Structures are given as C-alpha cells and as structure tokens.
Amino acid sequence: GGPSNLDAYPAAFSDSVISVGASVLTDLPSRDTGLSPDTLLLAPGQGVAGTVGENVPATRDGSSVSAALVAGVAALIRSVNPDLSAKVVRGVLHGQGLPVPLEDFDRLFKARLVHAGAVVTAVADDVHDIAVTRFELASGQLAPQVVTLGQITVENRGVTDTATTMVHISASGALVG
C-alpha cells in the first residue's frame with residue numbers, strides 16, 4: 001500500500017513480523033510503497049508476471065505482490081530448514097539481503113533487497129558471518145598488571161543475531177577466565 005501514518009505498526013510490533021515494500025526494476029523503492037524506518041525488505045513490485053482469473057497471463061505492481069514474493073522465499077527457507085523460528089527466518093531474510101542502491105539510504109532505513117538465492121544457500125549451508133561489532137572497556141583503558149572488565153558484542157550477520165557479554169581482559173589484551 002501507499003504511505004501511512006502508522007509507520008510502526010505492524011512492522012515494529014513483533015520480531016516475527018516482516019514489513020515489505022515494493023521495489024521497481026532498478027531496485028529502488030517504488031514511489032507508491034509505504035516505506036518507514038521499520039520496513040525490513042524490498043522485493044520486486046513492478047511488472048511481476050502472474051495470472052488473473054482463469055490463468056490469464058498478466059503483470060502486477062505494488063507491495064502486495066512484493067509481500068507475496070517474500071512469503072514465498074520464507075517458505076523456501078522453511079522447506080530447507082523447518083526447525084527455524086520466525087525470528088530466525090526474518091533475520092536470514094534481512095541479513096542476506098542486498099543493499100538498496102541509493103546514496104545514504106541505509107542511514108535512514110534498514111530495508112534491504114530480498115535475495116532468494118543467498119537466503120536459501122545460507123540456511124542450507126549453515127553459513128555464518130560472525131564479527132565483533134563493538135568492544136568497550138569499562139575503565140576506558142588497559143593498565144599493566146590489572147585485569148579490566150570489558151563489554152564485547154558479537155554479531156552473526158548470517159542470521160542477524162547479536163550477543164553482548166562482559167569479559168575480563170588482561171593488560172596484554174587477552175581474555176581472562
């Protein structure tokens with residue numbers, strides 16, 4: 001649908017809801033799609049081939065078509081790995097999505113372009129892209145002969161899952177027991 005005053009609903013309502021907008025043939029957001037900071041994915045929404053009535057070929061436009069395509073990709077994910085939770089499926093869809101080719105788009109929006117091949121491959125191969133995305137010392141610096149408390153955040157970009165934990169770090173930077 002078009003722009004809405006209810007940007008946060010239902011997209012921000014639950015971590016198992018997938019908010020989808022339509023993209024045009026150039027992978028940019030459609031002018032008619034309701035895009036908010038909570039929109040998670042963009043999928044083709046212009047000239048999508050299908051049928052109407054009694055199998056009459058037709059093309060369709062809009063976020064309704066895009067949402068159906070994303071639902072199909074989510075079903076593919078679950079067919080490869082039926083034990084995945086809705087939250088993980090949502091994370092894989094977003095984490096394996098492609099960036100929207102628009103300058104500064106990712107500063108304002110988290111939406112990514114759905115990439116069916118990448119998500120199915122990631123689930124089938126159990127691929128994980130793990131990175132330390134944040135590291136902070138509680139005292140601000142390491143000191144000789146002192147074990148310092150620090151906080152580390154590790155992100156699994158394959159399923160967009162993040163864990164943060166407190167760790168003890170020696171003066172050399174090694175993790176301590």
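Values in this document were obtained by computation on a predicted structure and should not be read as measured data.
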Please walk me through it: do V92 and V89 pass side-chain contact (heavy atoms from CB on, under 4.5 Å)? CA-CA 5 Å; V92 170; V89 169; 5.9 Å; no
Got a second to check how far [X]'s [atom1] is from [Y]'s [atom2], nearest 0.5 Å?
X    : Y   : atom1 : atom2 : answer
L93  : I18 : CG    : CD1   : 5.0 Å
K110 : T39 : NZ    : OG1   : 8.5 Å
S23  : L28 : OG    : CG    : 8.5 Å

Can you hop from [X] to [Y] via hydrophobic side chains spaced under 4.5 Å?
X   : Y   : result
V65 : V20 : no
L76 : L69 : no
I77 : V88 : yes

Name all pairs fulfilling the salt bridge (charged side-chain N to carboxylate O under 4.0 Å, His left out) condition that reach into residues 59-83, sequence neighbours left out, sorted by first residue then second. none
Considering only heavy atoms from C-beta outward, does the side chain of [X] approach that of [Y] to under 4.5 Å?
X    : Y    : answer
P99  : R112 : yes
F105 : L35  : yes
V123 : V120 : no
Q96  : T121 : no
V24  : S30  : yes
V119 : V73  : yes

Heavy-atom pair of closest approach, residues T33 and A22: OG1-N, 2.8 Å
I need the minimum non-hydrogen distance between A43 and S66, along with the two atoms involved. O-OG, 3.0 Å
Determine all donor-acceptor pairs shorter than 3.5 Å in which one atom belongs to a side chain in residues 44-54; sequence neighbours excluded.
from: Q46; atom 1: OE1; to: L25; atom 2: N; distance (Å): 2.9

Only one of L113, L42, L102, V100 clears side chain to side chain contact (heavy atoms under 4.5 Å, CB included) with D27; which? L113
